[in-house]
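To keep things clear, I will list the structure first and then write my remarks on it.
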Amino acid sequence: MPELPEVETTLRGIAPHIQGQSVSRVLVRNKNLRWPVPAALSSQLPGQTLLEIRRRGKYLLLLTEKGTAILHLGMSGSLRITSLQTPAEKHDHVDIIFANDKVLRFRDPRRFGCVLWTTQPAEQHKLIAAMGPEPLSDEFNGDYLYDLSRSRKCNIKSYIMDSKVVTGVGNIYASEALFSAGILPARQAGRISKPRYQVLAESIRQVLTAAIKQGGTTLKDFTREDGQPGYFKQSLKVYDRAGLDCTVCQQTIKQKVLNQRSTYYCSHCQR
DNA sequence: AGTGCGGCCTGTCCGC
DNA sequence: TGCGGACAGGCCGCAC
């Protein structure tokens, strides 16, 4: 499942191949993604030069002079650099074809992802504008998390998974960061002390940074732009480890559903 | 304003 | 072996 580290891994993989390149054509095989792929993408992106590729949360932004393509990988999406000689497979829904004959191919079996086009500044786009700070930026820290949480009745796990609070923390890394910080996922966000939020902010930062270093986490769907898996799965301490021993205290890792999401934790290490 | 949940999808796995 | 059904997940958009 692509979370922030997987999206960052994808960005780093594709950027060298297509940055500065001119788009020659857009091929949409199936426009029925989370939202329909707009016709404007096919009519306005060709002829444009990719000035920059940026990540905001889990969104990838392909910036050109005329507008910005906004991509999201949903939960089963991936991007590859390929060529037109490579036949498209069943779930390869969109190709962005470049003048250097490279093809950026969007695959998404479950079609929870999206490929959009906007001519306004991307940061003003509805999907981007309301997002909270990047977890790896300076504005994200314990003070920020603490101050914003004071009136919140929801549990800490859904709080840090709220993209308006902080962007890019999904189900896997939320469990991992809470384990690292020693905080039980069900604890009420508004009742956690400032020192614990300092630890949590640092845990989120560290878990994400470590995952990026390992090329993300591959459980089922995720592959990097070159088709290789990410290697962070072997570093997961609690996620998908229900019934196994805690690597710290040897007690059994527990699983429960919180806000319709599988949640993993150690009731001995986390309080 | 904050919270909770439905809905979008397909592949995988389980039990019969 | 085949089949149905549950489940997984990001996250918007709506209802409360």
Side-chain angles (χ1 to χ4, degrees), chain A residues 1-10 29-38 55-61 70-79 88-94 106-116 118 124-132 134-135 145-177 185-192 204 208 211 216-223 229-230 232-233 236 238-243 255-264:
Chain A
M1 300 106 220
E3 295 191 28
L4 187 150
E6 292 72 40
V7 178
E8 181 68 26
T9 297
T10 298
R29 296 187 192 80
N30 183 353
K31 67 177 172 61
N32 299 314
L33 303 181
R34 188 176 212 281
W35 297 284
V37 179
R55 179 186 59 74
R56 181 73 174 93
K58 300 179 193 173
Y59 288 92
L60 285 174
L61 308 175
I70 301 176
L71 279 63
H72 195 290
L73 301 178
M75 76 150 281
S76 59
S78 60
L79 285 168
E89 294 182 29
K90 186 177 176 188
H91 300 297
D92 291 339
H93 306 309
V94 179
F106 178 91
R107 171 180 301 183
D108 187 3
R110 275 166 253 193
R111 289 192 269 133
F112 279 20
C114 65
V115 180
L116 299 172
T118 181
Q124 290 173 22
H125 189 275
K126 189 180 168 186
L127 294 172
I128 311 283
M131 290 182 14
E134 287 289 325
L145 272 185
Y146 174 81
D147 292 343
L148 190 63
S149 70
R150 286 309 85 189
S151 61
R152 292 299 192 98
K153 302 256 187 298
C154 66
N155 63 66
I156 184 64
K157 179 165 175 259
S158 45
Y159 178 64
I160 61 172
M161 286 178 68
D162 182 344
S163 64
K164 294 188 186 64
V165 174
V166 56
T167 184
V169 181
N171 202 42
I172 297 173
Y173 298 112
S175 280
E176 291 298 312
R187 216 165 263 305
Q188 191 179 316
R191 293 192 174 177
I192 292 174
I204 291 171
L208 295 175
T217 301
T218 294
L219 289 175
K220 297 191 184 75
D221 304 295
F222 178 71
T223 58
F232 195 68
K233 181 172 166 46
L236 296 175
V238 287
Y239 187 84
D240 210 21
R241 296 195 68 244
Q255 173 181 16
K256 74 164 144 187
V257 176
L258 223 47
N259 302 89
Q260 302 167 294
R261 295 286 183 277
S262 277
T263 304
Y264 302 85

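Chain letters run A, B, ... following the sequence lines, proteins first and then strands; every chain starts at 1.
Backbone-only engagement by A:Asn259 is indicated by non-hydrogen atom pairs under 4.0 Å involving sugar-phosphate atoms exclusively. Contacts of A:Ser262 with the nucleic acid, taken as non-hydrogen atoms under 4.0 Å apart, involve only primed sugar atoms and P, OP1 or OP2.
With distances taken from any side-chain atom of A:His72 to the nucleotides C:dG10, C:dA8, B:dG4, the minimum falls on C:dG10. Among B:dC5, C:dG9, C:dG10, the nucleotide with an atom closest to any side-chain atom of A:Arg261 is C:dG10. Listed nucleotides C:dG10, B:dT3, B:dC9 differ in distance to A:Met161; the shortest reach to its side chain belongs to C:dG10. Ranking B:dG11, B:dG4, B:dC8 by closeness to the A:Phe112 side chain, first place goes to B:dC8. Candidate nucleotides B:dG6, C:dG10, C:dG9 were compared by shortest atom distance to the side chain of A:Tyr239, and C:dG9 ranks first.
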Polar atom pairs between nucleotides 12-16 of chain C and protein, under 3.5 Å, N or O only, would you list them?
unit_1	atom_1	unit_2	atom_2	d
C:dC12	OP1	A:Tyr59	OH	3.1
C:dC12	O4'	A:Arg34	NH1	3.2
C:dC12	O4'	A:Arg34	NH2	3.2

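Across the protein-nucleic acid pair, A:Ile172 atom CD1 and C:dC11 atom C1' stand 15 Å apart, rounded to whole Å. For A:Ile128 and C:dC11, the CD1 to P distance is 11 Å, given to the nearest whole Å. The distance between atom CE of A:Met75 and atom C1' of C:dC11, rounded to the nearest whole Å, is 12 Å. Per the geometry, CG belonging to A:Asp240 stands 13 Å off C1' belonging to C:dC7, to the nearest Å. For the pair A:His93 NE2 and B:dC8 C1', the computed distance is 13 Å after rounding to whole Å. Between the CG atom of A:Asp162 and the P atom of B:dC5 there is a distance of 16 Å, given to the nearest Å. The CD1-P distance, from A:Ile160 to C:dC11, rounds to 14 Å in whole Å. Summarising the geometry, the separation between CG on A:Leu148 and P on B:dA1 is reported as 14 Å, rounded to the nearest angstrom.
Counting heavy atoms from C-beta on, the side chains of A:Arg107 and A:Lys90 never come closer than 4.5 Å. Taking 4.5 Å as the limit, every side-chain heavy atom of A:Met161 sits out of range of all side-chain heavy atoms of A:Asn259.
The side chain of A:Lys90 contributes an N or O atom lying less than 4.0 Å from OP1 or OP2 of B:dG11. Between B:dC9 and A:His91, no contact under 4.0 Å exists linking OP1 or OP2 to a side-chain N or O.
Scored by the side-chain hydrogen bond (donor to acceptor under 3.5 Å, both in side chains) test, A:Asn171 finds A:Lys157 as partners (sequence neighbours excluded). In this structure, A:His93 has no ring-ring contact (aromatic ring centres under 6.0 Å, His included) partners at least two apart in sequence or on a different chain. A:Gln188 is linked by a side-chain hydrogen bond (donor to acceptor under 3.5 Å, both in side chains) to nothing, counting only residues two or more places apart in sequence or in another chain. With sequence neighbours left out, A:Arg29 forms a side-chain hydrogen bond (donor to acceptor under 3.5 Å, both in side chains) with A:Asp95.
For C:dG10, its base never sits under 3.5 Å from the side chain of A:Arg110 at any donor and acceptor pair.
Of the two residues contacting DNA chain B, namely A:Asn32 and A:Gln260, the nearest-nucleotide position lying further toward the 5' end is that of A:Gln260.
Salt-bridge check for A:Glu6 with A:Lys58: failed, with every basic side-chain N at 4.0 Å or more from each acidic carboxylate O.
Secondary-structure annotation of DNA chain C gives the stems B:2-16 with C:2-16, with a stem taken as at least 3 successive Watson-Crick or G-U pairs whose two distances both fall under 3.5 Å.
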Mind running side-chain contact (heavy atoms from CB on, under 4.5 Å) on A:Thr167 and A:Arg56 for me, showing each step along the way?
-> CA-CA 8 Å; A:Thr167 184; A:Arg56 181 73 174 93; 3.4 Å; yes
Could you go through the salt bridge (charged side-chain N to carboxylate O under 4.0 Å, His left out) check for A:Arg34 and A:Asp108 one step at a time?
-> CA-CA 10 Å; A:Arg34 188 176 212 281; A:Asp108 187 3; over 6 Å; no
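How far CD of A:Glu176 is from CZ of A:Arg241: 9.0 Å, rounded to the nearest 0.5 Å.
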